[in-house]
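Predicted model only: the values in this text are computed from it and were never measured.
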Amino acid sequence: FVELPSGFMIPTVGLGTWELQGEEGLRAISTALDIGYRHIDTAEMYGNHDIVGRAIKSYDRPDLFITSKVGAAHLHYDDVVSVCDSTLLELGTEYLDLFLIHWPNPAVPMQQTLDALEHLVERGKIRDMGVSNFQPHRMRQALEITPHPIANNQVELHPYLWQDELARLCRDRGVTVTAYAPLGRRHVLEDNTLRMIAEEHGVTPAQVSLRWLLQKGCIVIPRSTSEQHLRENFELWHWELSAVDMAAIDDIPERERFINKTFEDFQEG
């Protein structure tokens with residue numbers, strides 16, 4: 001767990017739910033909860049609040065950590081509030097533990113969006129507010145605009161994309177970092193360095209990637225529909241990577257971003 005500005009704790013391993021839909025998605029989320037996951041990450045644009053709500057309804061709400069995100073098309077003040085209300089209704093919960101701006105939108109003043117998030121915190125509809133896909137220049141802007149703590153920045157991070165400047169900025173300003181696509185959309189799993197380290201530890205390359213991110217201070221939200229993979233992705237605590245292992249992964253020469261590579265404003269900074 002990592003403490004957020006609200007004083008509440010976010011589990012450092014969660015379940016990403018992008019593309020989890022219908023009965024298969026419901027089974028995956030329910031299986032993850034049965035395994036022991038308590039951090040579920042969803043979003044307005046995923047269109048799956050209904051199945052997340054069905055999966056979590058039999059659990060005590062204080063035992064869960066639910067993150068959702070408002071899409072780039074709805075960042076005006078009233079839209080943010082409206083999306084939050086709809087999200088709570090669809091999930092069947094009275095509050096979100098964390099509510100993020102999913103993508104930046106240069107057409108909407110950031111002040112307006114952050115003011116809406118602060119309003120939702122004050123009304124108790126969200127416990128912490130944050131951002132996603134904010135590169136260093138936008139992260140600095142957000143931190144300058146709002147006096148309310150920004151709890152989290154959720155970005156693509158994996159052994160082929162370690163965003164060092166951004167990670168250092170967030171760490172120095174007390175912003176937690178969540179790594180989405182922590183397996184590089186499974187591209188990193190065939191990497192020879194990861195496979196060698198995995199063999200040495202008797203684990204999988206996926207577990208090596210996730211453990212590397214955890215030891216760098218990140219929260220991870222891998223997604224899977226396979227019970228075996230869900231279990232593997234959650235079993236990260238009985239072993240650790242050595243300093244030599246960490247350095248070897250740091251030195252992997254491949255560098256590739258797999259998400260929204262053509263979004264110029266996103267790439268800047």
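- Judged by the 6.0 Å and 45° rule, R185 forms a cation-pi pair with W18.
- With hydrogens and angles left out, the side-chain atoms of W212 and D250 include a donor and acceptor closer than 3.5 Å.
- Hydrophobic clustering places L143 together with V155 (ILVMFWY residues linked when any side-chain heavy atoms are closer than 4.5 Å, directly or through intermediates).
- When side chains are defined from C-beta on, I197 counts as touching L241, because their heavy atoms get closer than 4.5 Å.
- Within the 4.5 Å cutoff, the side chain of Q154 has no heavy atoms near those of the N133 side chain.
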>> Could you go through I101 and S132, starting from their C-alpha distance and side-chain angles, then the distance that decides it, and tell me whether this counts as side-chain contact (heavy atoms from CB on, under 4.5 Å)?
In response: CA-CA 6 Å; I101 300 169; S132 182; over 6 Å; no

> Does the pair I219 and N152 meet the rule for a side-chain contact (heavy atoms from CB on, under 4.5 Å), with working shown?
Replying inline: CA-CA 10 Å; I219 297 153; N152 184 263; 4.0 Å; yes

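- Residue-environment remark: CZ (F1) stays at or below the threshold of 12 foreign heavy atoms within 6.0 Å.
- Using a 4.5 Å cut-off between side-chain heavy atoms of Ile, Leu, Val, Met, Phe, Trp and Tyr, with links allowed through other members, V208 and W237 fall into the same hydrophobic cluster.
- When only modelled atom types and interatomic distance are considered, E156 and H158 share a side-chain donor-acceptor pair under 3.5 Å.
- A centroid separation of less than 6.0 Å is found between the aromatic rings of H102 and Y46.
- Salt bridge present: R168 and D164 bring a charged side-chain N and a carboxylate O closer than 4.0 Å.
- Aromatic pair H187/Y160: ring centres not closer than 6.0 Å.
- Note on Y180: it does not cluster hydrophobically with L100, by side-chain heavy-atom contacts below 4.5 Å among ILVMFWY residues.
- Around CD of E199, the count of heavy atoms belonging to other residues, nucleotides or ligands within 6.0 Å does not exceed 12.
- Annotation for L15 and A28: closest pair CD2-O, 4.4 Å, computed over non-hydrogen atoms.
- Nearest heavy atoms, W162 versus A167: CZ2-CB, 3.6 Å.
- With F99 as the aromatic partner, R127 does not meet the cation-pi criteria of under 6.0 angstrom to the ring centre and within 45 degrees of the ring axis.
- Taking 4.5 Å as the limit, some side-chain heavy atom of V52 sits within range of a side-chain heavy atom of I56.
- No side-chain donor-acceptor contact under 3.5 Å links S209 to the backbone of L189.
- Considering only heavy atoms from C-beta on, T17 stays 4.5 Å or farther from R223 through its side chain.
- Between L88 and C84, the closest side-chain pair of non-hydrogen atoms falls below 4.5 Å.
- Within the 4.5 Å cutoff, the side chain of R140 has no heavy atoms near those of the R173 side chain.
- When all heavy atoms are compared, the tightest approach of V188 to L183 is CG2-O, 3.2 Å.
- When all heavy atoms of L157 and A179 are compared, the closest pair comes out as CB-CB, 3.7 Å.
- Between the side chain of E144 and the backbone N or O of Q141, no donor-acceptor pair lies under 3.5 Å.
- D85 CG to E90 CD: the interatomic distance, rounded to the nearest 0.5 Å, is 11.0 Å.
- Of the charged side-chain nitrogens involved, at least one lies within less than 4.0 Å of a carboxylate oxygen, so that E227 and R231 count as a salt-bridged pair.
- Contact annotation: the side chain of T67 never approaches that of L96 to less than 4.5 Å [non-hydrogen atoms, C-beta and beyond].
- The backbone N or O of S6 lies less than 3.5 Å from a partner atom in the side chain of D128, making a donor-acceptor pair.
- R123 has no carboxylate O lying under 4.0 Å from a charged side-chain N of E118, or vice versa, which leaves the two without a salt bridge.
- With hydrogens and angles disregarded, a donor-acceptor distance shorter than 3.5 Å links the side chain of N153 to the backbone of F134.
- In the hydrophobic cluster analysis, where Ile, Leu, Val, Met, Phe, Trp and Tyr join through side-chain heavy atoms closer than 4.5 angstrom, I29 is grouped apart from I10.
- Under a 3.5 Å cut-off, the side chain of D245 and the backbone N or O of S242 do form a donor-acceptor pair.
- In E24, the CD atom is not crowded: 12 or fewer heavy atoms of neighbouring residues, nucleotides or ligands sit closer than 6.0 Å.
- Side-chain contact check for T42 and N48: at least one donor-acceptor pair (N or O, by modelled atom type) lies under 3.5 Å.
- In this structure, P205 and D191 have side chains that are not in contact, with every pair of non-hydrogen atoms separated by 4.5 Å or more.
- When all heavy atoms are compared, the tightest approach of P182 to L213 is CB-CD1, 3.5 Å.
- Taking 4.0 Å as the cut-off between side-chain N and carboxylate O, K69 and D41 count as a salt-bridged pair.
- Between P5 and A151, the closest heavy-atom pair is CD-CB, 3.5 Å.
- Formation of a donor-acceptor pair under 3.5 Å by the E44 side chain with backbone atoms of T87 is not found in this model.
- The residues D97 and R61 are annotated as salt-bridged, a charged nitrogen and a carboxylate oxygen being separated by less than 4.0 angstrom.
- Hydrophobic clustering of Ile, Leu, Val, Met, Phe, Trp and Tyr side chains at less than 4.5 Å, counting indirect connections, unites L166 with I249.
- Side chain of N105 to backbone of A107: a donor-acceptor contact under 3.5 angstrom is found.
- Side chain of R211 to backbone of W239: a donor-acceptor contact under 3.5 angstrom is found.
- Judged by distance alone, with hydrogens and angles left aside, the side-chain atoms of Q207 form a donor-acceptor pair with the main-chain N or O of E232 at under 3.5 Å.
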> Does the side-chain contact (heavy atoms from CB on, under 4.5 Å) test come out yes or no for T176 and C170, once each step is laid out?
Replying inline: CA-CA 7 Å; T176 61; C170 289; over 6 Å; no

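- The main-chain N or O of L33 is found under 3.5 Å from a side-chain atom of R38 such that the two form a donor-acceptor pair.
- At most 12 heavy atoms of other shown residues, nucleotides or ligands fall within 6.0 angstrom of atom CD in E94.
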> Going through the checks in order, is the side-chain contact (heavy atoms from CB on, under 4.5 Å) test met by H201 and E240?
Replying inline: CA-CA 9 Å; H201 287 274; E240 64 180 21; over 6 Å; no

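- Under the 3.5 Å distance criterion, with hydrogens and angles disregarded, no donor-acceptor pair is assigned to the side chains of H74 and S82.
- Just one residue in the list V220, I221, I66, L64 forms a side chain to side chain contact (heavy atoms under 4.5 Å, CB included) with H39, and that residue is I221.
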